[in-house]
Colleague: 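Before I ask anything, here is the structure I am working with.
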2 protein chains.
Amino acid sequence: MKKYFGILRKCPLFDSIEDDDLLGMLGCLGAKVESFDKKYTIFAEGTPARYIGIVLSGSAQIVQVDYYGNRSILSEIYPSEIFAEAFACAEVPSLPVSVIANEPCEVMLISCAHILHTCANSCGFHQRLIFNLMKDLATKTIMFHQRIEITSKRSTREKLLTYLTMQAKKAGGDRFDIPFDRQELADYLEVDRSGLSAEISKLRKEGILECQKNHFELL
Amino acid sequence: MKKYFGILRKCPLFDSIEDDDLLGMLGCLGAKVESFDKKYTIFAEGTPARYIGIVLSGSAQIVQVDYYGNRSILSEIYPSEIFAEAFACAEVPSLPVSVIANEPCEVMLISCAHILHTCANSCGFHQRLIFNLMKDLATKTIMFHQRIEITSKRSTREKLLTYLTMQAKKAGGDRFDIPFDRQELADYLEVDRSGLSAEISKLRKEGILECQKNHFELL
DNA sequence: ACAAGTATGTTGAATTTTCAACAAAAGGAG
DNA sequence: CTCCTTTTGTTGAAAATTCAACATACTTGT
C-alpha cells in the first residue's frame, strides 16, 4: 500500500492527514486496490453505488449513454482524483453513470458504509475525512456549474470557445493540451463531431486559433 | 427565530439536530434572517460567496446569464432548501451564478466562516453539521447529473419528454405541476421558448400529453 | 371593469445542426 | 515497410432550432 502514498497524499480526501495515520486509516476503511484494462467498465450504470474510487494510475471517464447510443462525457479522472463519491455518499441504489477505464489503470476502492458510519474503534480522523469529502463535493459541484456554463451555450462555436477559454485560464496561458480527442470533445460539449471539426477548421481559417491534435493555441 | 423552526426542522442541514439544540446552534453560527422582494437579487454573480442560504418562505431561482442575455435556470429553491452551499464551502471569490427571489421571500443566512472553522466554544453539533452538508452536497451533485441527462439530449422534444418523465416519476403519477412558466422551462431545458411552445402543441395533437398552464398529464 | 403589461401560441424565414458518406491522415500490429 | 484500423476533415442534403413578428389569452393594478 505504501507505494501509493505519493498519489494518496495529493488526494483531497486525505488532506491534512499525516502519512503515519494514513496506513491505519486505510485499514480501518477497508480500502482495496484493483486494476483494470483499457476500456474496462469499472462501475456500470444501473448498479448500486457502494464504493468511492480514487485513481492511482492511468485515467478514467465518467460517461452517460442514452438508449440511442448518444454518449455524454461528464468528466475525466486522473491519479489522486476521486470519483463516484456523490453516489456513494448518497447511497443511490442505481448509478446514473458508468465509469470507464481510459487506459490501463489502478484504482483504490473504499466502501461508502465505512465512510458514512463511524467505525467502532472510531479512528480520530473520521471527522476530517467527512470534512474533506464535503470540500471535495463542493468543488465537484462547482465543476458542474462550469460544465453547464459551457453546454448551455446554443452554438457549437460558442461552446467550443467557452471551453477553450476556460482551459486556457486553467493552464495559465494561451497554449494548452486538452484531454480529449475530437469525438470525446464533441461528447463533452454535446455537439456533433463533424460539425465540431468543421467549426475548428473555420476558427483556424479566421485566425482565432491554432491546433494540432489535442494541442491548442488561442490567438 | 422560533417561528421558523417548522421550516428549519425539514432543512437537511439540521437533520438529526434536536429543537433544544437548534437555537443555541443558530446563535453560535451567527445565523440571521433577511427578507427580499420579488425579483430582488439575493446574491449577485461575481460577488464573493460568503453565506449559505436557507429559504424560509417564498422561493428563489439560481440563474446564470451570459453576455448575450441568454438566461439559464439552474434550479428552483423552496422553503427549507439550501442554496449557495457549494460556493460557500469552497469559499469561491466570485459567484458564477445569481440567486433571485422568485416572489417575496425570507432567507436565513449563515456565514461560511462559521461553518468551516469550528467555533471556539465548539458546539458539539458542528460535526453533525459538516456531515449533513456533505450529504446535501452529494444530493445536489446527483441533481446536476439529472439535469445533464436532460440537457444533453439533442432535440427540444427529447429534452421536454425526459424532463416531464422525471417529473412524473418524482410526483409518483402521470399528473403533476411543474414550477416553471414557458420561458422558464425553456431556460431550464436550454431551448428556444417558441420552439418549446410549438413542441408542446405537437405533443398535444399527437395525444402524448395534456396540459393547461403548468399542469401536465402524460398519456 | 378597464387598461396595460405579461405570457403563450403560431408562423415562416434564416441559420445551424445533425446525419451519412467518403477521403485523407495518423497510428499500430505484424 | 505495409496493411489495417482509427481518427479527423470535408461535403451536401435533410432536419431542427433559432429568431422575429404578431395574435391571442391571461394577469395585475387602478
Side-chain angles (χ1 to χ4, degrees), chain A residues 37-39 61 66-73 100 102-104 150-164 177-206 208-216, chain B residues 37-39 61 66-73 100 102-104 150-164 177-206 208-216:
Chain A
D37 291 335
K38 180 172 180 169
K39 295 208 176 172
Q61 281 182 341
D66 69 17
Y67 35 81
Y68 295 110
N70 289 321
R71 174 179 67 166
S72 187
I73 295 181
I100 313 286
N102 231 353
E103 48 188 314
I150 293 168
T151 58
S152 71
K153 296 282 186 293
R154 298 298 166 76
S155 69
T156 299
R157 187 192 187 91
E158 269 200 294
K159 284 181 186 178
L160 176 61
L161 286 175
T162 304
Y163 172 73
L164 292 177
D177 291 343
I178 66 170
F180 299 125
D181 64 28
R182 292 289 182 276
Q183 181 63 63
E184 290 173 328
L185 181 56
D187 289 342
Y188 181 83
L189 300 180
E190 288 165 5
V191 298
D192 178 69
R193 180 197 62 78
S194 69
L196 173 63
S197 271
E199 198 60 51
I200 289 173
S201 296
K202 210 154 103 187
L203 287 167
R204 238 199 300 231
K205 278 173 198 148
E206 294 176 28
I208 295 175
L209 61 77
E210 274 308 322
C211 84
Q212 41 207 352
K213 286 187 37 91
N214 63 340
H215 180 81
F216 284 76
Chain B
D37 291 334
K38 179 171 179 170
K39 296 208 174 171
Q61 280 182 341
D66 70 16
Y67 34 80
Y68 294 110
N70 288 321
R71 174 179 68 168
S72 185
I73 295 181
I100 312 286
N102 231 353
E103 47 188 315
I150 293 168
T151 58
S152 71
K153 296 281 186 294
R154 298 299 167 77
S155 67
T156 299
R157 188 192 187 92
E158 269 200 293
K159 286 181 185 177
L160 176 60
L161 285 175
T162 304
Y163 172 73
L164 292 177
D177 291 343
I178 67 171
F180 298 125
D181 63 30
R182 291 290 181 276
Q183 181 63 62
E184 291 173 328
L185 180 57
D187 290 341
Y188 181 82
L189 300 180
E190 286 165 7
V191 297
D192 179 70
R193 180 198 62 78
S194 68
L196 173 63
S197 271
E199 199 60 53
I200 290 174
S201 296
K202 210 153 103 187
L203 287 167
R204 239 199 301 229
K205 277 173 200 148
E206 293 175 28
I208 295 175
L209 62 77
E210 274 307 324
C211 85
Q212 41 206 352
K213 281 185 43 89
N214 64 339
H215 181 80
F216 284 75

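These numbers were taken from a predicted model, which means no experiment stands behind them. No hydrogens, no waters, no symmetry mates; every other heavy atom, side chains included, goes into these values.
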Colleague: Specify the separation, in whole Å, of atom NZ of A:Lys38 and atom P of C:dG28.
Modeller: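 Answer to the nearest Å: 8 Å.
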Colleague: For B:Asn70 and D:dT17, give me the distance from atom CG to atom C1', rounded to whole Å.
Modeller: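 Distance, rounded to whole Å: 13 Å.
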Colleague: Determine: side-chain N/O of A:Arg154 to OP1/OP2 of C:dT16, distance under 4.0 Å, yes or no.
Modeller: no
Colleague: Nearest whole Å is fine: how far is D:dT8 P from A:Asp192 CG?
Modeller: 14 Å
Colleague: Applying side chain to side chain contact (heavy atoms under 4.5 Å, CB included), run through B:Leu189 and B:Thr162 and close with a yes or a no.
Modeller: CA-CA 10 Å; B:Leu189 300 180; B:Thr162 304; over 6 Å; no
Colleague: How many Å lie between NZ on A:Lys159 and C1' on D:dT18, as a whole number?
Modeller: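 My rounded result for the distance is 14 Å.
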Colleague: Flag yes if more than 12 heavy atoms outside A:Glu206 fall under 6.0 Å of its CD atom; otherwise flag no.
Modeller: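 Yes - once you tally the heavy atoms of other residues, nucleotides and ligands closer than 6.0 Å, there are more than 12.
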Colleague: Which heavy-atom pair separates B:Arg182 from B:Leu196 by the least distance, and what is that distance?
Modeller: O-CD2, 3.6 Å
Colleague: NZ of A:Lys202 versus P of D:dT11: gap in Å, rounded?
Modeller: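 Whole-Å distance recorded here is 12 Å.
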Colleague: What is the per-nucleotide protein-contact pattern of nucleotides 5-10 of chain C, from the 5' end, where B denotes a base atom under 4.0 Å from a protein heavy atom, S denotes such proximity for sugar-phosphate atoms only, and - denotes neither?
Modeller: ---BBB
Colleague: Using the side chain to side chain contact (heavy atoms under 4.5 Å, CB included) rule, take B:Arg71 and B:Ile100 through it: C-alpha gap first, then chi angles, then the decisive distance, then the call.
Modeller: CA-CA 12 Å; B:Arg71 174 179 68 168; B:Ile100 312 286; over 6 Å; no
Colleague: Within this structure, what is the CZ-to-C1' distance between B:Arg71 and D:dT18, rounded to whole angstrom?
Modeller: 17 Å
Colleague: Which heavy-atom pair separates B:Lys159 from B:Ile150 by the least distance, and what is that distance?
Modeller: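 In terms of heavy atoms, the two residues are closest at CG-O, 3.4 Å.
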Colleague: In whole Å, I'd like the distance from the NE2 atom of A:His215 to the P atom of D:dT7.
Modeller: 22 Å
Colleague: Distance check needed: C:dT18 C1' versus A:Asp187 CG, whole Å only.
Modeller: 14 Å
Colleague: OP1, OP2 of C:dT16 versus side-chain N and O of A:Ser155: anything below 4.0 Å?
Modeller: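 For C:dT16, neither OP1 nor OP2 has a side-chain N or O of A:Ser155 closer than 4.0 Å.
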Colleague: Between B:Asn214 and B:Pro179, is there a donor-acceptor pair closer than 3.5 Å when you use the side chain of the first and the backbone of the second?
Modeller: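 The answer is no, because no donor-acceptor pair under 3.5 Å joins these two groups.
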